[in-house]
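Naming convention: chains lettered A, B, ... in sequence-line order (proteins, then strands); numbering from 1 in each chain. Nothing here was measured: the structure is a model prediction, and the numbers come from that model.
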There are 2 protein chains.
Amino acid sequence: MAKAKLSPRQQEILKFISRFSEEHQYPPTIREIGEAVGISSTSVVNYNLDKLAEAGYIVRTKRMSRGVRLAEATRNSAGEVVRVPVAGFIFASNPVMVGDTAQTDADEYIDLTRGLVKDSGELYALRVKGDSMIDAMVNDGDIVIMKKTDRVHNGEMAAIWLTDRNETTLKYFYQEGNRIRLQPANPSMEPIYVDNPAQVQIQGKVMLVMRQLS
Amino acid sequence: MAKAKLSPRQQEILKFISRFSEEHQYPPTIREIGEAVGISSTSVVNYNLDKLAEAGYIVRTKRMSRGVRLAEATRNSAGEVVRVPVAGFIFASNPVMVGDTAQTDADEYIDLTRGLVKDSGELYALRVKGDSMIDAMVNDGDIVIMKKTDRVHNGEMAAIWLTDRNETTLKYFYQEGNRIRLQPANPSMEPIYVDNPAQVQIQGKVMLVMRQLS
DNA sequence: TGGTTACCAGAATATTTGTTCTAAATACTA
DNA sequence: TAGTATTTAGAACAAATATTCTGGTAACCA
């Protein structure tokens, strides 16, 4: 996956694959590529495709027709739209209630582009209700895009249900030895420390916060 | 293109094509379809594909490998994508610098869906630098989507250059008689009052605030 | 009942398409 | 300069893939 420099021809090929795929919904064949960039020999195209694959720009599937596609990183994340179901509201006094978001029919959706939420995984959206989450720099009416998970890494922001306080909060999560530090996004606010991990229930990982203004 | 009713098998095929295409970036072959839905004969798959094409659900390209794709109408026609150029940074100590955003080649873009920013008009994005805009509930690293304008209505949020303070700020704008009230998004903060309108230069209207978390 | 239509199966065939091999031209390096 | 790696070309080959043909079953309808 060494990002080697590409020859002009390889760049041209890469560009063509992208354009062709976008336009046709399916990848080009070796011969189609050759024709487009002016290479008569399929072996030369094949050679350059191998180079591109080696450099990590594309992914090939052996012996398969049209078995070439742009690598995740290369792919223009533009056109790709991700539809996220709005699962409900989030506010301090209630735990995040999320049914099975795979359930087909939420009555509302938000369309995002892949570039906004790179991570794959099961996503859902919550509307913020009330201004009890000011410390998270999140206000009434904001929309939070969440990823369904019950585990986060240090430094990631999560929706957390604090069992002892009966409160949902959005905080940066830090496991520090046996103690958990929950850090507000607002740097002027003090963190919460929790010694008993059982009191911290992670309800999801916050991927994106949005505020739409009229 | 008569939307005929589909046999269960045809529905299954349609569904498979959709799922497969989504997953692999390329359409399935006839054999792959057959295997997936439990048809041993390629001719039967071919037969059903013809039916689907006839009914307008898919489009086929003759004699081409993987020459089947969902018709435009069948395909998930998710939202329109809007490409917004990243014009630079915004921080308190400097006025918003925006060249001609129509200029073709910004080196960076953000793709949004139309649903996120309903308003038309010339949009650009700014990255927030530093945490001097906490009062606007906007923090370091956030992205602000702006609309190019020098006028806003009451209650709208704007990027404002305060000439007397030499400071850029994001505030809700209210014209109250001869006085202008600039209200921070954070309800616990006090507004700024400006009596001299010349001291308030509106640099753009804030359409959307986004915070991406790892 | 007979006939028509929709649907299916298996196999053979034709075409497309990826792979491999040999050879040569070009660029790069010691 | 000699030598090595990169890139290109052409052709033959092998595999994947769409197409076509023959025939069969089941449902439906007059």
Side-chain angles (χ1 to χ4, degrees), chain A residues 1-21 23-71, chain B residues 1-21 23-71:
Chain A
M1 289 278 280
K3 293 276 176 183
K5 59 199 168 305
L6 299 180
S7 76
R9 209 163 224 190
Q10 283 155 13
Q11 289 183 32
E12 199 180 351
I13 289 176
L14 195 59
K15 213 163 152 187
F16 173 72
I17 294 174
S18 173
R19 199 177 50 225
F20 186 99
S21 302
E23 188 170 340
H24 292 82
Q25 306 297 129
Y26 46 75
T29 65
I30 286 186
R31 282 173 178 80
E32 284 166 341
I33 295 172
E35 196 170 347
V37 301
I39 299 177
S40 64
S41 169
T42 57
S43 70
V44 175
V45 177
N46 187 60
Y47 167 82
N48 284 293
L49 287 180
D50 275 342
K51 288 291 172 190
L52 284 171
E54 203 176 314
Y57 289 98
I58 62 174
V59 178
R60 301 192 71 186
T61 308
K62 289 183 59 165
R63 298 169 176 287
M64 204 180 52
S65 67
R66 304 174 186 279
V68 53
R69 62 183 190 280
L70 295 184
Chain B
M1 289 278 282
K3 293 275 177 184
K5 59 199 168 301
L6 299 179
S7 77
R9 208 163 225 189
Q10 283 155 13
Q11 289 185 32
E12 201 180 349
I13 289 176
L14 194 59
K15 212 163 151 187
F16 173 73
I17 294 174
S18 172
R19 199 177 50 224
F20 186 100
S21 302
E23 187 170 343
H24 292 82
Q25 304 299 128
Y26 46 76
T29 65
I30 287 185
R31 270 162 249 269
E32 284 166 342
I33 295 172
E35 196 170 347
V37 301
I39 298 177
S40 65
S41 170
T42 57
S43 71
V44 175
V45 176
N46 188 58
Y47 168 80
N48 284 295
L49 287 180
D50 275 342
K51 289 291 170 187
L52 284 170
E54 203 176 311
Y57 289 98
I58 62 174
V59 178
R60 300 192 71 186
T61 308
K62 288 181 62 162
R63 296 170 179 286
M64 205 181 51
S65 66
R66 304 177 186 278
V68 54
R69 63 184 190 278
L70 295 184

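- Heavy-atom contacts of chain B under 4.0 Å fall on DNA chain C between two terminal nucleotides, which in 5' to 3' order are C:dA6 to C:dT17.
- Comparing the axis of the opening five pairs of the helix from C:dT1-D:dA30 to C:dA30-D:dT1 with that of the closing five pairs yields an angle of 20°, rounded to 10°.
- Within the structure, side-chain hydrogen bond (donor to acceptor under 3.5 Å, both in side chains) pairs that include any residue of residues 36-46 of chain A comprise A:Ser41-A:Ser43, A:Asn46-A:Arg60 (at least two apart or interchain).
- Note that the NZ atom of A:Lys15 and the CD atom of A:Gln10 stand 15.0 Å from one another [nearest 0.5 Å].
- For A:Phe16, the ring pair (Phe, Tyr, Trp, His ring centres under 6.0 Å) test picks out A:Phe20, with sequence neighbours left out.
- Annotation: the span from A:His24 atom NE2 to B:Thr61 atom OG1 amounts to 8.0 Å, rounded to 0.5 Å.
- Nucleic acid contact class of B:Arg63 (heavy atoms, under 4.0 Å, all strands): sugar-phosphate only.
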Run the side chain to side chain contact (heavy atoms under 4.5 Å, CB included) test on A:Val37 and A:Asn48 for me, step by step, so that the C-alpha distance in whole Å, both residues' side-chain angles and the decisive distance to 0.1 Å come before the verdict. CA-CA 12 Å; A:Val37 301; A:Asn48 284 293; over 6 Å; no
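- Distance check: A:Met64 CE to B:Tyr26 OH gives 3.0 Å after rounding to the nearest 0.5 Å.
- The salt bridge (Lys or Arg N to Asp or Glu O under 4.0 Å) test applied to A:Glu32 returns A:Arg66, not counting sequence neighbours.
- Within a heavy-atom distance below 4.0 Å of DNA chain C, the residues of residues 40-47 of chain B found are B:Ser40, B:Ser41, B:Thr42, B:Ser43, B:Val44, B:Tyr47.
- Contacts of A:Ser21 classified as side chain to side chain contact (heavy atoms under 4.5 Å, CB included), with partners at least two apart in sequence or in another chain: A:Ile17, A:Pro27, A:Pro28.
- How far CG of A:Leu70 is from CG of A:Leu14: 6.0 Å, rounded to the nearest 0.5 Å.
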For A:Ile33 and A:Leu49, what are the C-alpha separation, side-chain angles and deciding distance, and is it a side chain to side chain contact (heavy atoms under 4.5 Å, CB included)? CA-CA 10 Å; A:Ile33 295 172; A:Leu49 287 180; 4.1 Å; yes
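- Rounded to the nearest 0.5 Å, atoms OG (A:Ser18) and CD (A:Glu23) are 11.0 Å apart.
- With a heavy-atom cut-off of 4.0 Å to chain B, the contacted part of DNA chain D has its first and last nucleotide at D:dT17 to D:dC21.
- Residue pairs meeting the salt bridge (Lys or Arg N to Asp or Glu O under 4.0 Å) criterion with at least one partner in residues 33-47 of chain A, sequence neighbours excluded, do not occur; the list is empty.
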